[in-house]
Amino acid sequence: MKALFVLHEGIFIYGANRSIAGVLQNLEYDYDLLICKSFTRKADEAELRQLLGKHLQNIYTVWMPRYRCQYYDRVSLFRECSHIVNNIMALFCKGKRKKVISRGGYDYVHLNSLVLFPVIDDKARYVVHAREIINPKYRRMGQFVKALERAAGIIYIDESTRIPIEAVVRNNRKMVLNNPFDMTWVEAADYEESLKKCGVARKHTIFAMLGQVGDNKGSQFVLRSFMRHDNPDSRLLIVGNHEHAYGRECERMTKDDGRVIFCGEMKNTGNIYRISDYIIRGEPQFCIGRTIYEGLFAGAGVIIPGHEADRAKMQSGEELREKIHFYEPESEESLAEVIRECSRFKQENREFRSNIGNYMEQYNRFIQEVRER
C-alpha cells in the first residue's frame, strides 16, 4: 500500500500537523507528502525526514487552495492579501498538483485539514481529516458540501467537529477518532532544568496555555481571568507565537503582572508539559483541543470551557475525572474561580501515557474499509 498525505503547511509545531505526525511515524507502509507552499513557513526536508521516519519517500511542495471554512481570527490586511495571492498561485499550479496525485498510484490521499477541501475530485480516493469546526455561515458552503460528499471517507476528531458538518453533509463513510497522543517521552525531561528554562520555581503552581495566540483561542480572555485571582505563587506560561499586533497587546495588558510569562513559539514543548500543573483552553464554547489531551496524557490537570455533561464527549473523561475542571464558557469570573481553586494544588503524582497502539489499529481498519468500498 502507498498513501499521499496532503498538508496545509510544512511545520509540525501546532495541532493538525502535530497530530498527523503521530500517524506518519507509525505507518507500516510507504507514503509521500504534498505540502502547500507558503510565503512565510517553508518546509525543512531534512527536519521532516528525521521527524517522520523511514517510510517517508517523496516530498512535494506546491501552491494549493486553502479556503477558510472554519471559525478564525480576524486577520491583518497583509495576511489577507497573502491568502488571496496563495489561492491565485494555486490556480496556476493546479496541473502540477493533479500530476503529483495522478502519477503516484496512491491507494488513498489523506487531506489533513478541512481548509484543503477544494483539492477533492473524482480522480483519487480522498480521506478528509475534519479537525476544524465548520462555520455554518461560510459563503462557499455549497462547494464545501459537494466536495465532502465526494470524499471516500471522513475522520472526525471529536463530536464538536462532527455535529455541524453532518448537519449539512451526507457522507456515511465516516468515523470519530480522537488524535494520537504519546506523552511517555516527556518523563525523560529533567524537571529542575525545565523549571529553570521557563523561569519558574518548584513552589509555583504552573498553568500553561499552548498554541496560536489569538482571539479565537481566547488568549486575552484567559489572561484577564488569570489576573483576577490573587495567588502570588501562581504562574501562567503563554507558549506560542505572539509577535503580532494581538500578541503585543497581550503583553501590554499583563506587563504589571509578573506571574505571566511569554515563552514564545517552541518546537519542543516537553519542558512545558513536564512542569505544568494545569493546561488551559479559552475558546468561547466547549473545546478540548490537542493541548488538553497532551496535558492529560502527561499527568497534568486541565481547565476547559464547558459543563459536566461534556465529559462524555472526552476521551478517558471518566477515567481521568479528577484531572478535568470545567468553567462557564466566556465567564471571566468562573474561570478565575477555577484557577484560584486549582492554584492550591500541584500535580504531584504523574502518569505518562500513550494511545498510539489503539489509535493506529482503528485508523488502519478505517482505511481498509474505505479502500474496499
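Computed from a prediction, not measured in an experiment: that's the story for all the values here. Just so you know, these numbers use all the heavy atoms, side chains as well, and skip hydrogens, waters and symmetry mates. All residue numbers refer to positions in the sequence shown, counting from 1.
The neighbour count for Glu28 CD, taken as heavy atoms of other residues, nucleotides or ligands under 6.0 Å away, does not exceed 12. Within a 6.0 Å radius of OH in Tyr29, more than 12 heavy atoms belonging to other residues, nucleotides or ligands are found. No more than 12 heavy-atom neighbours from other residues, nucleotides or ligands sit within 6.0 angstrom of CD on Gln50. In the displayed structure, Arg103 atom CZ is contacted under 6.0 Å by at most 12 heavy atoms of other residues, nucleotides or ligands.
With respect to the salt-bridge test (charged N to carboxylate O, under 4.0 angstrom), the residues Arg228 and Glu337 do not qualify. Ion pairing between Lys313 and Glu159 fails under the 4.0 Å rule for side-chain N and carboxylate O. With salt bridges taken as basic N to acidic carboxylate O contacts below 4.0 Å, none links Lys123 and Asp121. By the 4.0 Å N-to-carboxylate-O rule, Glu47 lies close enough to Lys267 to be salt-bridged with it. Comment: Glu361 engages Arg365 in a salt bridge, judged by a side-chain N to carboxylate O separation of less than 4.0 angstrom. Salt bridge annotation for Glu348-Lys346: absent, with no cationic side-chain nitrogen under 4.0 angstrom from a carboxylate oxygen. Note on Arg49 versus Glu45: salt bridge recorded, some NZ/NE/NH1/NH2 to OD/OE distance being below 4.0 Å. Taking a cutoff of 4.0 Å between a charged side-chain nitrogen and a carboxylate oxygen, Lys2 and Asp107 do not qualify as a salt bridge. Here Arg224 does not pair with Glu333 in a salt bridge; the nearest charged N to carboxylate O distance is not below 4.0 Å.
Figure legend: cation-pi geometry between Arg353 and Phe297, with NZ or CZ positioned under 6.0 Å from the six-membered ring centre and within 45° of its axis.
The heavy-atom pair separating Tyr156 from Ala130 by the smallest distance is CD2-CB, 3.6 Å. Contact detail for Met64 and Cys36: the closest heavy-atom pair is CE-N, 3.1 Å. The two residues Glu322 and Glu319 make their nearest non-hydrogen contact at OE1-O, 4.0 Å. For Val370 against Gly153, the heavy-atom pair with the smallest separation is CG2-CA, 4.3 Å. Nearest approach of Arg173 to Phe366, heavy atoms of both residues: O-CZ, 3.8 Å.
The aromatic rings of Phe226 and His229 lie perpendicular to each other, with more than 60° between the two planes, well past the 30° mark.
Formation of a donor-acceptor pair under 3.5 Å by the Ser102 side chain with backbone atoms of Lys98 is found in this model.
Between the side chains of Asn364 and Gln368, no donor-acceptor pair of N or O atoms lies under 3.5 Å. Under 3.5 Å, the side chains of Tyr106 and Asp32 contain a donor-acceptor pair of N or O atoms. Side-chain atoms of Asn171 and Arg150 form no donor-acceptor pair, as typed in the model, at a separation below 3.5 Å. Thr161 and Glu132 form no side-chain donor-acceptor contact under 3.5 Å, judged by distance and modelled atom types alone.
Arg97 has its side chain within reach of Leu34: a pair of non-hydrogen atoms, C-beta onward, lies under 4.5 Å apart. Here the side chains of Asp215 and Gln220 are not in contact, with every heavy-atom distance at 4.5 Å or above. Put simply, the side chain of Ile275 reaches to within 4.5 Å of the side chain of Tyr191, judged on heavy atoms. At least one side-chain heavy atom of Ile324 sits under 4.5 Å from a side-chain heavy atom of Met314. The side-chain heavy atoms of Leu237 and Met209, taken from C-beta on, include no pair separated by under 4.5 Å.
Separation of the Phe326 and His307 ring centroids does not fall under the 6.0 Å cut-off. The aromatic ring centroids of His110 and Phe5 lie less than 6.0 Å from each other.
One finds the OH atom of Tyr293 at 9.0 Å from the CD1 atom of Ile157 (value rounded to the nearest 0.5 Å).
Applying the salt bridge (Lys or Arg N to Asp or Glu O under 4.0 Å) test to Glu341 and every residue at least two apart in sequence or in another chain returns Arg344.
When the options Val239, Leu223, Ile238 are evaluated for a side chain to side chain contact (heavy atoms under 4.5 Å, CB included) with Val213, the one that passes is Ile238. Partner of Ser19 under the side-chain hydrogen bond (donor to acceptor under 3.5 Å, both in side chains) criterion, out of His129, Glu294, Arg290: Arg290 alone.
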Quick one: side chains of residues 197-207, donor-acceptor pairs under 3.5 Å with protein atoms, not counting sequence neighbours, listed by atom name and distance.
unit_1, atom_1, unit_2, atom_2, d
Arg202, NE, Glu192, OE2, 3.1
Arg202, NH2, Glu192, OE2, 2.3
His204, ND1, Ala201, N, 2.9
His204, NE2, Arg235, NH2, 3.1
Thr205, OG1, Ser343, O, 2.8

